[in-house]
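See below for the structure under consideration.
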Amino acid sequence: MSVIIDGKSLAKEIRENMKQEAEKLKEQGIVPHLAVIMVGNNDASKVYVRNKSKACDEIGIEFKEYLLPENTKQNELLDLIKKLNKDKSVNGILLQSPIPKPLDIQEAFNTISKEKDVDGFNPYNVGNLCIGQDGFIPCTPLGIMKMFEKYNIEIDGKKVAIIGRSNIVGKPMAQCMLSKNATVTICHSRTKELKKEVKDADIIIAAAGKRNIVTEDMVKDGAVIIDVGMNRNEEGKLCGDVEFEKLINKASYITPVPGGVGPMTIAMLTANVIKAAKLQNNI
Ligand code: GUN
């Protein structure tokens, strides 16, 4: 039987720590403040943003939402980001992805000042992660690293297979694992023999956004399985990228969906906002 990694309770523990950090900042007259920009009407994004807002409220982080219409122009989006960059009361800026097709999201991420880039998507922070310097690390990989720390799961020298090469999860996850001396394979939609690449891995991180992409026959006994997927099954129930029920007796550690990686992502966002507030106030 695997150990089921309890992301929900670890996230709660982190949020409690962040609440104390926020209180300490308030004693010094600093109210941590996150600005969130959403463009258009994406139902999934609305749910994510609502959950981020709830976590910030609980901790005492001021949360301001900027809802831009579907037909927003690139320069209007950039102007809002530049305004928030200049606003000294704002410590963190998050542009919720995705945004409508004609807009260039990377140009928008590049415009977020590196000191307020709590998602870690600005090339300056991406670069810092690559060369092992301190900066903002994207929240999902950061949350997964916290899980490894909490459960004392060894990474050094291990074989890690990551499924998915997004800028939000797959690529920064690979850098995090590399920084802990893992041997990393990144698999993606053009990988020819996925099973062959994954079968040997000590640690599997599934971030493909495809239900059941990790099947029982792909996993070696005792592997650690981290499921970043957020999919819906035929009944509309939330499920991950991994055949959870079939792997629960094969993996050494496994994350559930829901209650695994998801809550950790949000907790780490609040941690990044607190970090930004401290850095901007030389604390
Ligand atoms: N969309 C899905 N995940 C994320 C995330 O971590 N940050 C942002 N900004 N958008 C997302």
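All residue numbers refer to positions in the sequence shown, counting from 1. Counting convention: from 1, in listed order, for ligands and their atoms alike.
With K275 as reference, D134 is the one residue of D134, N91, T270 to meet the side chain to side chain donor-acceptor pair (under 3.5 Å) rule.
For L95, the heavy-atom gap to ligand 1 drops under 4.0 angstrom.
Using modelled atom types and a 3.5 Å distance limit, the side chains of D241 and N231 yield a donor-acceptor pair. At a cut-off of 3.5 Å, with distance as the only test, no side-chain donor of K46 or Q96 sits close to an acceptor on the other residue.
Protein heavy atom closest to atom 11 (C) of ligand 1, with residue, atom name and distance, is Q96 NE2, 3.4 Å. In terms of protein heavy-atom proximity, atom 8 (C) of ligand 1 is closest to D119 OD2, 3.3 Å.
Taking every heavy atom of L94 and a limit of under 4.0 angstrom, the matching atoms of ligand 1 come to 9 (N).
Checking G120, P98, S97 against atom 1 (N) of ligand 1, the nearest heavy atom belongs to S97.
F121 and Y66 fall within the same hydrophobic cluster, where Ile, Leu, Val, Met, Phe, Trp and Tyr residues are linked whenever their side-chain heavy atoms come under 4.5 Å apart, directly or through other members.
Relative to the ring axis of F148, K180 does not place its NZ or CZ within 45° and under 6.0 Å from the centre.
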